[in-house]
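All figures in this text were calculated on a predicted structure; none of them were measured in a lab.
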Amino acid sequence: RVVTPPASPPPRPQQTKTQLVLQCHEEGMNLVRMGDLDRAFDQFKYAEAVLIANDKEDGNLSLLAVTCSNLGSYYKITGKLHAALSYLRRALKIEAAVSADNQTL
């Protein structure tokens, strides 16, 4: 499945990538609550694509962990348990790495 940008308005010039990702998460979770799982998936995958494209920026690891967790939840809801487990493990691995990095500072 090809992921296309969500149907939301384009980001304002002053909107940071972090704000864009957080907006995708907020809209995605609202769509999950409304039962619009296809559009929710698009929001989460778009957030993931933005983070992967900008993986060198500070704070992206924590946001990527949240993104993986949301995708894991999406896959669980849709009954795709192998994909859910894969994303949730990835989220846990990222969170553990972020936590270890914070403890060594």
Side-chain angles (χ1 to χ4, degrees):
R1 178 174 176 186
V2 175
V3 177
T4 57
S8 59
R12 299 180 308 249
Q14 69 270 21
Q15 186 178 32
T16 67
K17 289 176 182 69
T18 298
Q19 290 169 327
L20 174 61
V21 169
L22 292 174
Q23 178 184 349
C24 287
H25 283 287
E26 182 178 350
E27 289 177 17
M29 293 308 292
N30 287 335
L31 290 165
V32 166
R33 284 185 209 93
M34 294 183 331
D36 192 346
L37 298 179
D38 288 338
R39 287 181 50 212
F41 175 79
D42 290 342
Q43 291 287 334
F44 299 143
K45 289 300 284 186
Y46 188 68
E48 181 184 39
V50 168
L51 291 169
I52 290 171
N54 299 282
D55 70 342
K56 303 296 183 211
E57 293 183 17
D58 289 339
N60 277 0
L61 278 181
S62 291
L63 283 174
L64 185 58
V66 172
T67 303
C68 290
S69 179
N70 284 346
L71 282 163
S73 296
Y74 162 83
Y75 283 118
K76 181 177 181 261
I77 290 167
T78 59
K80 297 175 182 171
L81 301 182
H82 181 72
L85 185 57
S86 177
Y87 269 102
L88 292 170
R89 282 183 174 156
R90 186 173 169 202
L92 183 59
K93 183 178 178 180
I94 294 167
E95 279 295 325
V98 168
S99 178
D101 285 347
N102 289 339
Q103 290 177 0
T104 59
L105 292 178

Looking at every non-hydrogen atom in both residues, tell me the closest pair between S62 and V98 and how far apart they are. OG-CG1, 3.7 Å

Tell me which donor-acceptor pairs under 3.5 Å the side chains of residues 64-72 have, and how far apart each pair is, sequence neighbours excluded?
residue	atom	partner	partner atom	Å
T67	OG1	H25	NE2	2.8
T67	OG1	L63	O	2.8
N70	ND2	H25	ND1	2.6

Might you point out which heavy atoms bring V32 and A40 nearest each other, and give the distance in Å? CG2-CB, 3.5 Å

Can you hop from M29 to Y74 via hydrophobic side chains spaced under 4.5 Å? yes

Exam field: side chain N60 to backbone I52, donor-acceptor pair closer than 3.5 Å: no

Could you give me the CA-CA distance, side-chain angles and deciding distance for Y75 and Y87, then say whether ring pair (Phe, Tyr, Trp, His ring centres under 6.0 Å) is met? CA-CA 9 Å; Y75 283 118; Y87 269 102; 5.7 Å; yes

For the residue pair Q23 and Q19, confirm or rule out a side-chain donor-acceptor distance under 3.5 Å. no

Residues C24 and Y46: closest non-hydrogen pair is SG-CD2, 3.6 Å

Sequence neighbours excluded, which residues qualify as salt bridge (Lys or Arg N to Asp or Glu O under 4.0 Å) partners of E95? none

Taking the side chain as every heavy atom from C-beta outward, state whether L22 and T18 have any pair of such atoms under 4.5 Å apart. yes

Pairwise distance CD(E27) to CE(M34) - rounded to 0.5 angstrom: 9.5 Å

Check: L31 and L37 side chains under 4.5 Å, non-hydrogen atoms: no

Heavy-atom side-chain contact between D36 and R39 under 4.5 Å: yes

Is it possible for you to say whether L61 and L20 belong to one hydrophobic cluster, with membership spreading through side-chain heavy-atom contacts below 4.5 Å? yes

Check for me, please, whether I77 and F44 land in the same ILVMFWY cluster - side-chain distances under 4.5 Å, paths through other members count. yes

